[in-house]
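Report on one structure; see the data block that follows.
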Protein chains: 4
Amino acid sequence: MKALVYHGAGQKAWEDVPNPEIQRPTDVIVKVETTTICGTDLHILKGDVPAVTDGRILGHEGVGVITEVGSAVETLAVGDRVVISCISACGRCSFCKQGVFSHCLGDEGASGIGWIFGHLIDGTQAEYVRVPYAETSLYKLPESVTPQQGVLLSDILPTGHEIGVQYGEVKAGDVVAVIGAGPVGLAAIMTSQLYGPSKVIAIDLDPNRVEQAKNFGATDGVLASDPDWKEQVVALTDGLGVDVSIEAVGIPATFEMALDVVRPAGHVANVGVHGKPVSLPLDRLWISNIQLTTGLVNTNTTGTLLKLVAQQKLPVDQFVSHTFDLTDIENAYDVFSRAAETKALKVVLNA
Amino acid sequence: MKALVYHGAGQKAWEDVPNPEIQRPTDVIVKVETTTICGTDLHILKGDVPAVTDGRILGHEGVGVITEVGSAVETLAVGDRVVISCISACGRCSFCKQGVFSHCLGDEGASGIGWIFGHLIDGTQAEYVRVPYAETSLYKLPESVTPQQGVLLSDILPTGHEIGVQYGEVKAGDVVAVIGAGPVGLAAIMTSQLYGPSKVIAIDLDPNRVEQAKNFGATDGVLASDPDWKEQVVALTDGLGVDVSIEAVGIPATFEMALDVVRPAGHVANVGVHGKPVSLPLDRLWISNIQLTTGLVNTNTTGTLLKLVAQQKLPVDQFVSHTFDLTDIENAYDVFSRAAETKALKVVLNA
Amino acid sequence: MKALVYHGAGQKAWEDVPNPEIQRPTDVIVKVETTTICGTDLHILKGDVPAVTDGRILGHEGVGVITEVGSAVETLAVGDRVVISCISACGRCSFCKQGVFSHCLGDEGASGIGWIFGHLIDGTQAEYVRVPYAETSLYKLPESVTPQQGVLLSDILPTGHEIGVQYGEVKAGDVVAVIGAGPVGLAAIMTSQLYGPSKVIAIDLDPNRVEQAKNFGATDGVLASDPDWKEQVVALTDGLGVDVSIEAVGIPATFEMALDVVRPAGHVANVGVHGKPVSLPLDRLWISNIQLTTGLVNTNTTGTLLKLVAQQKLPVDQFVSHTFDLTDIENAYDVFSRAAETKALKVVLNA
Amino acid sequence: MKALVYHGAGQKAWEDVPNPEIQRPTDVIVKVETTTICGTDLHILKGDVPAVTDGRILGHEGVGVITEVGSAVETLAVGDRVVISCISACGRCSFCKQGVFSHCLGDEGASGIGWIFGHLIDGTQAEYVRVPYAETSLYKLPESVTPQQGVLLSDILPTGHEIGVQYGEVKAGDVVAVIGAGPVGLAAIMTSQLYGPSKVIAIDLDPNRVEQAKNFGATDGVLASDPDWKEQVVALTDGLGVDVSIEAVGIPATFEMALDVVRPAGHVANVGVHGKPVSLPLDRLWISNIQLTTGLVNTNTTGTLLKLVAQQKLPVDQFVSHTFDLTDIENAYDVFSRAAETKALKVVLNA
């Protein structure tokens, strides 16, 4: 089959590789119909994720059809159309039992990290993919959900929802600030609507993104480059700051912004992938009754989000800015990697 | 009357001052029977809290008897024996309505901070004290609770309980690490027993304190000076780290220790009062699904703790290492300020 | 002044009565601008609520302007426009401290019940009303909320929200059934939207009401008179029943319906006011992991709902089917009491 | 092998049957070392559970050693000593994913009920037992826990804990009433200690049981036969009733008792297995903000309880009133069935 293979920093190729095979009784093989590219894939290509080694097939998002099932698989069958979760959950370790699939102790790839596709085992940017722990990691696609909608539930929607909105404990009436209106920030904005906020403020350097965020549910927008951006945000509250601030960029400056606008007893949910430590002003914050959370997506709400998409409660199609043939994946990477210029949000690849 | 008055950094005196008077209809006057000294009082005396100005009566803990009530006070009467909470709650602002009394917006002292006694208004290290917002800030002392027990519920027990144990979300079966076995760490250790942990590990530099912590409920102790202290802590868990780590010191090194031993999806509750920013290694933690909390005590569990002390469920008397006459308060300060040497925990002053 | 006075079962009159006066330092007097009639008022007029005695001014909902304040009132002033909550909360009893204002132990009216207006003290269907515990029971009307919108937050919206939706613990993705599409059922339907349900099913005997419910947020409707109504409801779920069923009628038959459609581990929230005991089939339900709740509104979410109305997140005006002059209140009662015929939802009276 | 086989109402025999065999890749075979008898087994023998048919091996509690594993079993091995949970959880259905194993949709036995051992498939009162869904239903016995302790975690401890204490939401400071001081009531009393109640009141007709309950953690006891039993219970509270009442008998009279003593905004947790409907006085309770729960044990806290037993935090051995050889099981049934006379709590059988 063909797959997108990583060959060290800066090197990738859409090339011939052997078809995947069932290795364990709980595996299935999925023919990939739809996949997409994540910001993390770009990090890998920069060489920032040393665990990814030469020869690895990239990608951790996808929708496809099951073509083969392992001997212990009972609730999935050949022909089922499924969402492939970016997290593989063994379903029986202590983390899985508490719903923290992100830290699954399963023995595929590393113990203690549920993200293994395109990282520690071969991924979904391929014609076929082996899916371990299939019955506890795949979600049947409801008939009323398209593959394009489904692929957005592999990672981006659950990430914004779980790590941004749920960890931030957004509740009815809250004022929420989202720092960074890229795909994951927009996913937090969209899914925050499920919790009845009174206002959602999108904050970004790019005026187009701030404006676009309103289509995803933001009620207000603030330009991060305005010298008085903080005063603008606080003016949208009762003067005490936002109830929840969600960091969706991943650099020290935006983390500091998230702390700057949160009210006493408020919540800061970090979603951004950080490459450096940050400074935490505990001399100021020890007294502030702040809750700060971090995390990798658990995908324990994927089923819930699928139900909501099936009921047209989450208009996820607007995340898709570009579509390509799967065979045209190298071009898709190019467009996605120049997002500022191409205005790419999610680029979807169809087989 | 006599009171302990602050006169600038390093200066205090037990001296004559005018008796306090009712200023607002919701005030009461309390004759102080029992008070104590807090670590914060020592900070103030060092000049670390500039909001405290020359002439301020110190102290924010106390038990006493009401001698006068304002015209709007209906549920408290002259002669009632009460616990004076370190936090004054107006009972009607948005923070009070959500139980976050720590950030009461009431207009006594500063708006947005509930700790005002011995800080922004005159405090409890005196023969009499004016208590604002009395009906929402005082707690009647049950007959079966002694004044000495009651004064421990002004600040230290609620602080360990709310900011350590409740914010840390200690739950049945958890392994809990408490960094720092001073009074507030011991309060966290004792009140964690209300949540069914399987182990509570006391960590401190002082072997005596580690040993003493076992009387307060610690099941295990680790010396922070041991080069392998971290391995010792992790060996007391299933190998993944503790469920909850509680920082009860307030310096960068101990905050780092709290992060070092927590498991993925674990909780870090900061109780320590910090004077400097700390480094937060988000490059490592963004993926760890950690919850980190900070805060000033809300005293919204004071009533609950009083019920438990009344039922002999919390053996709080062991917090008291020394007792003095109120008139001997300068001596008490001296003993308390040399805690390492005097082995002082809480020094209690009786009128 | 003029007021609507109860004179025993079936007897009421819009008549001259003395103006109310400040009785306690925490009282205020409000000039009523807008009020409405509740189903409970009709029960009282039938003589079903013996605690209401001859001479009582009826009504527990209203918006108005403060004309006089007691000596202890500091955060409200003459001229403030306020929502009068149907529940009076002293703010300092054990129930108020836990946010259960419905069972306030304050000594106005009965101890242990927060609903006293038009019940145990004079109510809001009058030109003026005395409001006890004003600072903990009144809510300032935001400028962007009209009095007509505000009066819907005195009782009906908080009741549907707190006792239906919050006690039912509606959560993202849930399928919710609401039995009874009268005003309080519609309030539950509208406010359930704050919690991200995938479907809300309105169930009623009246096809017009079922249809109307869709304007309030119902995604589906089922006629209770259909012999297969239950099968229709279950068919809208995954076959296991609804996650939450909300009873908003108050008779044994509808309570039974609520139990009939709920899934194992589902929630049943009773909002209806019942006049008889019901049968609870514990022989069938002991094994079903059901949570059943009841309650009088706490009005602890009134502030939250006001924020959401101010942000146009809750289109409450559609609750108002008729408006009258306050002086025309007897006519308004007539229209409201014949709701099936007049299609009355809420009738609003403006001074 | 030998097993206790049901042969219709009133008929059972310890007789020769074929050894169980692996039927599915996720099965294991366990050699039973320790088992016990549940009140439910007595119900079955009376013919009250028609789903149990002639030829069924009884028993749903046990500890033993794995002797054979299915082809898909990876995390359990021959020789592992395990607790057999009374609930079989497939680990992949919608109920299992939310931790409601009690209603597992797995296709062993009935769909929708997790209790299948000794009910819909052969049980544990035998020399060997086949365990389906082994990796998601068995718990490895820690070295520091004895088989006798472990067998108490198959059903009785989790039932009292989850359905009594957790569903009742016992919290720090609460006053808890437990109606019925039999084994499951005592399990609720013991495990309530994990949540910091201020008082636990045991209520029973039998003075010996009331007294015995104090060894399990009850602080107070009330005789249900006292005419003023209710007044005695309320006198142990602040006069408003208990925070949580736990019904652990299963008849209408005791359910009514549970309702009678609960305060407004309190919780009633039904643990008893009922054979008849009860009357629910909604005419009185609609206004009371009560939460009522029912349920079959989920066993989602079995791992937590094992950790606590391993740490000597739950003195479970005192549940064992009698021990027998497994071959002497018919005698054990006799003793257990005459509990009032023999004072049997749990009778443990060792192979």
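Just so we're clear, the structure is a prediction, and the values are computed from it rather than from any experiment. Below, chains carry the letters A, B, ... as their sequence lines are ordered, and counting in each starts from 1.
- Rounded to the nearest 0.5 Å, atoms NZ (Lys97(B)) and CG (Asn300(C)) are 10.5 Å apart.
- Sorted by first then second residue, the side-chain hydrogen bond (donor to acceptor under 3.5 Å, both in side chains) pairs that include residues 304-316 of chain B, not counting sequence neighbours, number zero.
- Counting all heavy atoms, side chain and backbone alike, Ala72(C) lies closest to Ala72(B) at CB-CB, 3.3 Å.
- Ranked by non-hydrogen atom pairs under 4.5 Å with chain C, the options Thr26(B), Thr75(B), Asp107(B) are led by Thr75(B).
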